[in-house]
Amino acid sequence: MKLKRYLDLSGKSGVVAYALRPDGIVVQFRSAGRYEYTYDSAGVQAIEEMQALAQAGRGLSTYISRHAPPYARKLT
């Protein structure tokens, strides 16, 4: 799976990369590894918001911190 570098427009995000999927998103954190979030684990609305924030390069880490969407699995 190829991850895309997160733009991090704020300059202080805990997110470094992501990969969009048709039904989810994979997020790589600076110190916590990679996590997959799916429609089934977090819900459609949360995934669509996370995908939009990832593409905008701002707010993804804050969203995850504030809303704590459940992840489907931790990837190695």
Side-chain angles (χ1 to χ4, degrees):
M1 158 190 6
K2 183 169 176 141
L3 297 176
K4 183 175 181 176
R5 185 173 181 190
Y6 183 63
L7 291 178
D8 187 13
L9 296 176
S10 72
K12 50 189 172 179
S13 179
V15 174
V16 294
Y18 68 94
L20 300 181
R21 299 213 166 149
D23 66 343
I25 185 171
V26 173
V27 179
Q28 180 167 348
F29 294 94
R30 191 171 308 282
S31 62
R34 291 184 297 160
Y35 290 82
E36 179 179 21
Y37 300 86
T38 65
Y39 285 166
D40 288 339
S41 71
V44 174
Q45 183 176 350
I47 295 302
E48 290 180 356
E49 181 71 17
M50 291 168 67
Q51 289 176 337
L53 293 169
Q55 291 176 305
R58 174 176 233 126
L60 181 56
S61 183
T62 299
Y63 180 90
I64 293 170
S65 294
R66 286 188 182 160
H67 300 282
Y71 60 87
R73 63 188 175 132
K74 182 174 182 181
L75 304 170
T76 57

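Just so it is clear, the values below take in all heavy atoms, side chains as well, and ignore hydrogens, waters and symmetry mates.
Grouping the Ile, Leu, Val, Met, Phe, Trp and Tyr side chains by contacts below 4.5 angstrom, directly or via other members, places Tyr6 apart from Val26.
Sorted pairs that involve residues 22-35 and meet side chain to side chain donor-acceptor pair (under 3.5 Å), not counting sequence neighbours, are lacking altogether. Here ring pair (Phe, Tyr, Trp, His ring centres under 6.0 Å) pairs that include residues 49-69, with residues two or more places apart or in two chains, are Tyr63-His67.
In this structure, the separation between CG on Leu75 and CG on Leu3 is 9.0 Å, given to the nearest 0.5 Å.
Checked against Leu60 for a side-chain contact (heavy atoms from CB on, under 4.5 Å), the options Val27, Leu7, Asp8 give a single hit: Val27.
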Give the table of side-chain donor-acceptor pairs shorter than 3.5 Å for residues 42-56, with sequence neighbours excluded, one pair per line with atom names and distance.
residue : atom : partner : partner atom : Å
Gln51   : NE2  : Arg21   : O            : 3.0
Gln51   : NE2  : Gly24   : O            : 2.8

Could you pull out every donor-acceptor pair under 3.5 Å between side chains of residues 12-19 and any protein atom, sequence neighbours left out?
residue : atom : partner : partner atom : Å
Ser13   : OG   : Val15   : N            : 2.9

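Residues that satisfy the side chain to side chain donor-acceptor pair (under 3.5 Å) test with Arg73, not counting sequence neighbours, are Glu36. Take Thr62 and apply the side chain to side chain donor-acceptor pair (under 3.5 Å) test, not counting sequence neighbours, and it matches no residue.
The backbone N or O of Tyr37 lies less than 3.5 Å from no partner atom in the side chain of Ser41, so there is not a single donor-acceptor pair.
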